[in-house]
Chemist: 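The following block contains the structure, expressed as structure tokens.
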Amino acid sequence: MTSTTPANGVGRAALLVLSDGRFPAGGHAHSGGAEAAVKAGRITDPASLESFCRGRLHTTGLTAAGLAAAAALGHDPHTLDAAADARTPSPALRTVARKLGRQMMRAARATWPCAELDALAAAFPRGAHQPVVLGVAARAAGLGPEDAAHCVVYETVSGPATAAVRLLSLDPFRATAVLARLAPEMDRVAERAATAARQGVDALPAASAPLLDITAEQHAAWPVRLFAS
């Protein structure tokens, strides 16, 4: 019988805990750009939601997954946080990333307490970028770079899909079908991110999505909105 427990003795169930949408890291309050895309008419149905998620997956998702994988490998978090800043041109998105990083840190330290998370929290009292914190949390949970990358890529598409259900009263079964169709691409993006992370920080992806940056700035100025980003 094949074991599901890695050599370090930590079961893969830790991956499910970290990637669970109910993990109290604050992601449920963010749409990943979907709210602005719905308002602009770029997401109107499952087909356009799938296109939006695919674009997000191969740009910001790939970039964030690389950062998380590198953090899970033990690369210097200060260097990774600076790399995340350089890859996030939108001030609004940098603020969101650090806020989510703070929330992820609180949840991770309560769930997998360790000196590495404590040191990161002390070094970044206002929050490190969320993918960096997630990667260190994955490391604390005994998970590897592929695991961290998979958490990020799933979050990259599941956040907008969940938001679209609320924003458009979209059939949740059809939204879930979008995630299922994207699953093979998620696997490939996570593998690519982990491979880059093993080559060093300078090899990390830096794919961008300028329209997401522009709409994030616009969304941040809205007086009324359902999601924080």
Chemist: Under a 3.5 Å distance rule, please check whether His75 uses its side chain to pair with a backbone N or O of Ala197 as donor and acceptor.
Modeler: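 Here the side-chain-to-backbone pair exists.
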Chemist: Is Arg126 reaching over with its side chain to a backbone N or O of Arg98, donor-acceptor style, under 3.5 angstrom?
Modeler: no
Chemist: Taking salt bridge (Lys or Arg N to Asp or Glu O under 4.0 Å) as the test, write out the residues that go with Arg198, two or more places apart.
Modeler: Glu146
Chemist: Working to the nearest 0.5 Å, report the span between NZ of Lys39 and CG of Leu167.
Modeler: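 It comes to 12.0 Å.
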Chemist: Measure from the side-chain N and O atoms of Arg139 to the backbone N and O of Ala148, and report whether any donor-acceptor pair falls under 3.5 Å.
Modeler: no
Chemist: Going by side-chain heavy atoms closer than 4.5 Å, which hydrophobic residues are tied to Val132, directly or by a chain of links?
Modeler: Leu67, Leu80, Val201, Leu204
Chemist: Given side chains that start at C-beta, do those of Met104 and Leu100 come closer than 4.5 Å, heavy atoms only?
Modeler: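 Answer no - side chains too far apart.
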Chemist: Taking the side chain as every heavy atom from C-beta outward, state whether His150 and Asp187 have any atom pair closer than 4.5 Å.
Modeler: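 His150 reaches Asp187 side chain to side chain.
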Chemist: Distance check, rounded to the nearest 0.5 Å: Leu211 atom CG versus Arg42 atom CZ?
Modeler: 4.5 Å
Chemist: For Arg102, run the side-chain contact (heavy atoms from CB on, under 4.5 Å) check against Met105, Arg106, Lys99 and tell me which one passes.
Modeler: Lys99
Chemist: What donor-acceptor contacts under 3.5 angstrom involve side-chain atoms of residues 13-24, with partners at least two apart or in another chain?
Modeler:
| residue | atom | partner | partner atom | Å |
| --- | --- | --- | --- | --- |
| Ser19 | OG | Leu15 | O | 2.8 |
| Asp20 | OD1 | Arg22 | N | 2.9 |
| Asp20 | OD1 | Arg22 | NE | 3.2 |
| Asp20 | OD2 | Arg22 | NH2 | 3.3 |

Chemist: With a 6.0 Å cut-off on ring centres, are Phe124 and His78 close enough?
Modeler: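 For Phe124 and His78, the ring centres are under 6.0 Å apart.
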Chemist: Out of curiosity, Met186 CE to Thr156 OG1, how far, rounded to the nearest 0.5 Å?
Modeler: 9.5 Å
